[in-house]
Structure formats: structure tokens, C-alpha cells
Amino acid sequence: MNILYAASEAAPFIATGGLADVAGSLPKALCSQQHCCRVVIPLYSSIKPELRAKMKFLCNFYVPLGWRNQYCGVFEATQNGVKYYFIDNEYYFKRDGGIYGFYDDAERFAFFSKAICEMIQYIDFFPDILHCNDWQTAMAPVYLNMFYRDIEKYRNLKTVFTIHNIQYQGKYGMEIATDVLGLPYYAAPTLMYDGCLNMMKAAIESCNYVTTVSPTYAKEITDPWFAYGLDRLLRANQHKLTGILNGIDTDAYNPETDPALYANFNAKSLNKKAVNKVELQKSMGLAQDKDKMLIGIVTRFVAHKGIDLIQYIFEELMKRELQVVALGSGDYIFESFFQEMQAKHPGKCAVKIGFIPDLAHKIYAGADTFLMPSKSEPCGLAQMVALRYGTLPIVRETGGLKDSIVDMGDNLAGNGFTFKTYNAHDMLGAIDRAGGLYYNRPMWKKAVVKAMASDFTWDRSAGEYIDMYHRVLG
Ligand code: GLC
């Protein structure tokens with residue numbers, strides 16, 4: 001089976017979040033199960049020169065988008081045995097300051113989506129399945145149905161759309177439909193939802209199958225509390241909706257070989273994990289004490305990650321014998337909160353603002369527990385990575401967190417500490433239970449060794465994707 005996996009980011013080329021991890025590891029797992037999966041992403045100018053140097057020019061053509069006819073080059077590179085295509089157009093993708101958040105994002109990613117549709121007739125790879133991800137590629141199945149189905153080759157091409165986060169839907173005013181997206185007026189019913197143009201809605205209706213990144217989130221998004229307005233649509237499309245839990249790239253996240261760590265370790269050399277802890281404490285300005293429970297936080301500092309729960313009980317937390325190290329960037333109000341706490345509790349609380357993968361790895365390895373109190377979490381990868389590094393997750397029971405973390409209970413039956421209600425003191429209760437176990441050293445060690453044996457490789461999930469593709473292909 002041939003699968004073309006389309007995304008707006010893929011590790012290691014360009015990464016701002018979990019989508020990049022998935023696009024960088026699921027295709028590899030599909031390939032290892034005897035299928036051919038290739039990936040297509042935009043050629044951003046911010047891709048590092050050493051990765052750029054690996055790319056070879058493949059072909060070029062023009063992409064019609066409304067009244068425009070835009071140049072499109074295609075480059076290719078092979079990474080971990082997977083072929084990647086890069087869509088080149090400097091007008092859209094040669095920009096300073098991140099990869100999203102420009103005034104013309106709708107046009108940039110509409111171009112990308114249309115370019116994908118065009119590209120497949122020029123390269124030596126015609127997919128059976130076009131697998132799109134999130135709103136940035138949502139227009140591809142729409143364009144396919146509107147403009148390409150008359151071409152013989154495209155007739156049987158099936159499309160799958162994965163929702164990694166339903167909060168970001170590609171919502172605009174209807175006025176961009178014709179001029180910017182280049183769609184005819186009769187496309188309005190497909191594009192429109194609750195009075196807006198909604199790209200994710202259009203993809204959900206246009207594609208053959210919809211997936212999201214955990215079974216629990218697949219149920220949650222049919223509920224208004226989680227769906228940012230799309231619950232009605234998803235309930236109507238439930239017959240083609242399923243949740244498949246993400247895996248992690250166990251080569252990239254391997255404490256035995258990870259070059260970012262101060263000392264590599266495995267379940268048999270946990271004394272080396274302690275080296276990572278002390279070095280991390282030192283570099284972050286925390287008191288160097290390997291016997292104090294260190295709570296790690298690596299996240300985007302935005303409301304749905306549950307930062308307000310942390311804010312609410314932080315002073316209480318600081319009265320306990322523990323430390324907190326946080327890494328992330330996002331809303332100013334949360335960034336400044338952590339900075340303020342660092343100033344107020346020197347040696348006990350440390351924060352670094354930014355998206356710094358190297359430091360993230362050091363925190364996964366050096367912390368004892370990993371806090372993710374998300375309000376909603378489609379899948380979450382950090383909790384799985386933390387487990388692999390022997391760092392026990394403290395999570396709220398939502399989305400993929402619920403599907404991957406089971407509470408320890410009284411007999412170490414699980415792999416972390418969970419709480420159910422979105423309530424700061426319930427979270428604090430879970431932290432305290434972690435603390436209780438932490439200071440029972442032999443039991444803690446047992447729990448850590450067990451956690452490190454959890455299996456979050458892609459093999460199982462890749463198998464579920466393949467079954468789903470087969471169902472779609474009939
Ligand atoms: C998004 C979600 C996260 C998920 C990731 C990969 O970033 O917020 O929960 O793990 O996508 O699917």
C-alpha cells in the first residue's frame with residue numbers, strides 16, 4: 001500500500017509540537033511493516049542548513065489557486081529510510097519568525113494543500129491513501145474532490161484526516177472562499193460551519209475516514225466541552241471516526257543512547273539517572289539534592305495544558321520538600337507566572353522560557369515526576385517519553401493521558417499518578433501521593449523500573465493505522 005502523509009511539520013526537519021514527532025515517526029513504523037509511506041511538508045526557510053543540504057531538487061510546476069498561478073518546486077530527501085518531499089515556494093515559506101502566525105496563513109496552507117494534490121501527478125509515487133493532518137492540510141481532500149476527481153488517476157485515491165488538536169480548525173470569514181482559496185461559490189455548503197469558513201469541518205466531510213490520536217479523545221470530541229464547536233459535526237460523522245493512540249520514536253527517545261543527557265542509563269543503572277538530576281539542578285540553579293522529589297514540566301504555556309491549576313496551588317506546593325523545573329513558552333501571563341515563582345522561590349523553582357528540545361530531554365531524564373494536568377490532551381507524547389526515562393507522570397485523566405497512564409493505586413499496579421476532576425487540589429492530592437511513594441525509596445525504585453518497561457513503540461498503533469487504511473480501501 002502507498003501512503004502519502006501530509007503535515008505542516010515533521011521532525012527532525014521542522015518541529016513546534018507533537019505533530020512533528022508523529023510525522024517523523026509513524027511513517028517509519030508504517031514502512032517497517034512493509035508499506036510504502038512518504039511524507040510531504042513545506043520547505044520552510046527555517047529548516048536547518050545541515051538538513052537542507054541533504055535535499056535534492058526533484059521537479060517544479062505551477063499551482064493554480066484562484067486567480068494566482070504560483071510556482072512550486074519539489075525537493076526530496078531520505079531520513080531514517082523514509083522519503084520526504086518538500087514543497088518549495090519562497091513567497092509563502094521563506095519567512096522569519098516561526099512557521100505559523102502570519103496574516104496570510106490561510107493562503108499559505110491552502111497553497112500547500114493544493115500543491116500536494118498537483119504534486120502527485122509529477123512524481124514517481126502515486127498514493128492509495130492521502131493522509132492529511134490538522135487544518136494546515138485540511139484543504140487537500142476538499143481540492144481533490146472539487147478539482148481532481150475527473151482525472152482518471154485520482155478517481156480511486158482515498159483520503160484520511162487526522163485531528164491532532166481540535167482547537168485549531170482553520171476558521172475564517174466566508175469572504176476568503178473564492179478569492180483566497182480559489183473555490184467556486186457552490187463549495188460554500190462544504191466550507192461553512194456555524195457561519196464561518198471552517199477548513200477542518202470541510203476536511204471531515206470530504207475525506208473517507210477521520211482519526212484522532214487517542215480512543216478517549218475520539219469520544220471526547222463528540223462532546224461540546226471538548227469540541228470547540230465541532231461536536232455536532234463529529235457526532236454526525238461518527239461512523240467514520242476512530243481514535244488511535246500515538247506511539248513515540250523509541251530511537252530518538254532512548255535514555256541509553258540519547259546524546260542530550262549528562263549520563264546515559266537504563267533500568268539497571270538508575271544511579272546514572274541521579275547524575276542527570278544533579279546536573280540538571282546545577283544548570284537550572286536549583287539546590288543540588290538528589291533526594292528531593294523533582295517535578296518536571298515541559299509544555300506549551302497555554303490554558304488547555306492546565307497551567308492555571310498549577311498557579312492555583314503553587315504556594316502550597318512550595319511548602320513541601322520538593323522542587324519544580326519548568327520549560328515552555330506561550331502566553332505571557334503563564335511565562336511571567338513561572339518567572340515570578342522562580343524569583344520568589346530560588347533553588348526550589350526554576351523555569352526556562354522557550355522551545356528547547358535539548359533541555360526537554362534533560363528534564364525527562366533528570367526529573368522524578370512529570371506533571372501534565374491538561375484540561376484536554378488529544379494524546380500527549382511527553383508522558384510516554386517521561387516513562388521511558390523513568391520519570392513517573394502525574395496527569396489528569398483526559399484524552400491520551402487517560403489511555404496511557406494508569407494510577408499506581410496501593411499496590412504499584414499502574415505507571416503514574418492520576419486525578420479526574422479539573423481541580424487544583426485534586427491535582428495536589430495526586431502530587432502528594434507521588435511524594436508519599438517517592439520517599440519510600442525501595443518502592444519508588446520498583447515503580448520506576450516498571451515504568452521504564454512500558455511499551456509505547458509505534459508497532460501496535462501502526463498496525464491499527466494499516467487496518468484502518470485497509471478498511472478505507474475496501
Ligand atoms: C497535538 C496534541 C497532542 C498530541 C500531538 C500529536 O500536539 O495537542 O496531545 O500528542 O498533537 O498527535
Side-chain angles (χ1 to χ4, degrees), residues 5-12 14-30 39 41 98-101 131-138 160-170 200 203 210-221 226-228 230 241-250 252-253 297-307 327-331 355 357 360 364 370-388 393 395-405 456-458 460-462 464-465 468:
Y5 196 87
S8 55
E9 46 183 280
I14 189 91
T16 73
L19 170 61
D21 278 291
V22 175
S25 53
L26 169 59
K28 189 165 77 171
L30 292 170
V39 184
I41 63 171
I99 60 174
Y100 312 124
H131 189 151
C132 297
N133 294 277
D134 279 351
W135 76 267
Q136 294 90 345
T137 50
V160 172
F161 182 70
T162 295
I163 301 169
H164 293 263
N165 194 335
I166 205 161
Q167 191 176 353
Y168 310 108
Q169 299 174 358
M200 192 176 266
V210 183
T211 76
T212 185
V213 287
S214 70
T216 296
Y217 196 62
K219 284 193 216 110
E220 286 174 345
I221 54 177
F226 291 96
Y228 292 88
L230 288 183
L241 169 67
T242 192
I244 302 176
L245 193 69
N246 286 333
I248 54 170
D249 184 336
T250 44
Y253 294 113
I297 298 169
V298 177
T299 187
R300 276 181 300 124
F301 291 154
V302 294
H304 86 262
K305 295 292 182 182
I307 314 289
L327 165 66
S329 60
D331 293 349
F355 179 82
Y364 293 129
F370 193 84
L371 183 59
M372 287 180 85
S374 307
K375 199 175 277 173
S376 69
E377 194 61 73
C379 177
L381 301 169
Q383 79 279 16
M384 303 183 194
V385 176
L387 278 175
R388 193 158 158 77
V395 308
R396 192 172 94 79
E397 292 168 28
T398 184
L401 295 175
K402 187 170 172 193
D403 294 333
S404 57
I405 306 300
F456 290 114
T457 52
W458 268 106
R460 182 184 29 83
S461 307
E464 286 183 49
Y465 275 104
M468 180 266 301

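When a ligand or atom number is given, it counts from 1 through the structure's own listing order.
- The shortest side-chain heavy-atom distance between Val298 and Phe370 falls under the 4.5 Å cut-off.
- The closest side-chain heavy-atom distance from Ile99 to Ser8 is not below 4.5 Å.
- Nearest heavy-atom pair across Ala218 and Thr242 is CB-C, 4.0 Å.
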Dump all N/O pairs between ligand 1 and the protein below 3.5 Å as a table: atom names plus distance, one pair per row.
from: ligand 1; atom 1: 9 (O); to: Glu377; atom 2: OE2; distance (Å): 2.6
from: ligand 1; atom 1: 9 (O); to: Cys379; atom 2: N; distance (Å): 2.9
from: ligand 1; atom 1: 9 (O); to: Gly380; atom 2: N; distance (Å): 2.8
from: ligand 1; atom 1: 10 (O); to: Gly380; atom 2: N; distance (Å): 2.8
from: ligand 1; atom 1: 12 (O); to: His164; atom 2: ND1; distance (Å): 2.6
from: ligand 1; atom 1: 12 (O); to: Asn246; atom 2: ND2; distance (Å): 2.8

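- Pairing each heavy atom of Asp134 with each of Phe161, the nearest pair is O-CE1, 3.2 Å.
- Put simply, the side chain of Arg460 reaches to within 4.5 Å of the side chain of Glu464, judged on heavy atoms.
- In this structure, Tyr364 and Tyr253 have perpendicular ring planes: the angle between them is above 60°, well past the 30° mark.
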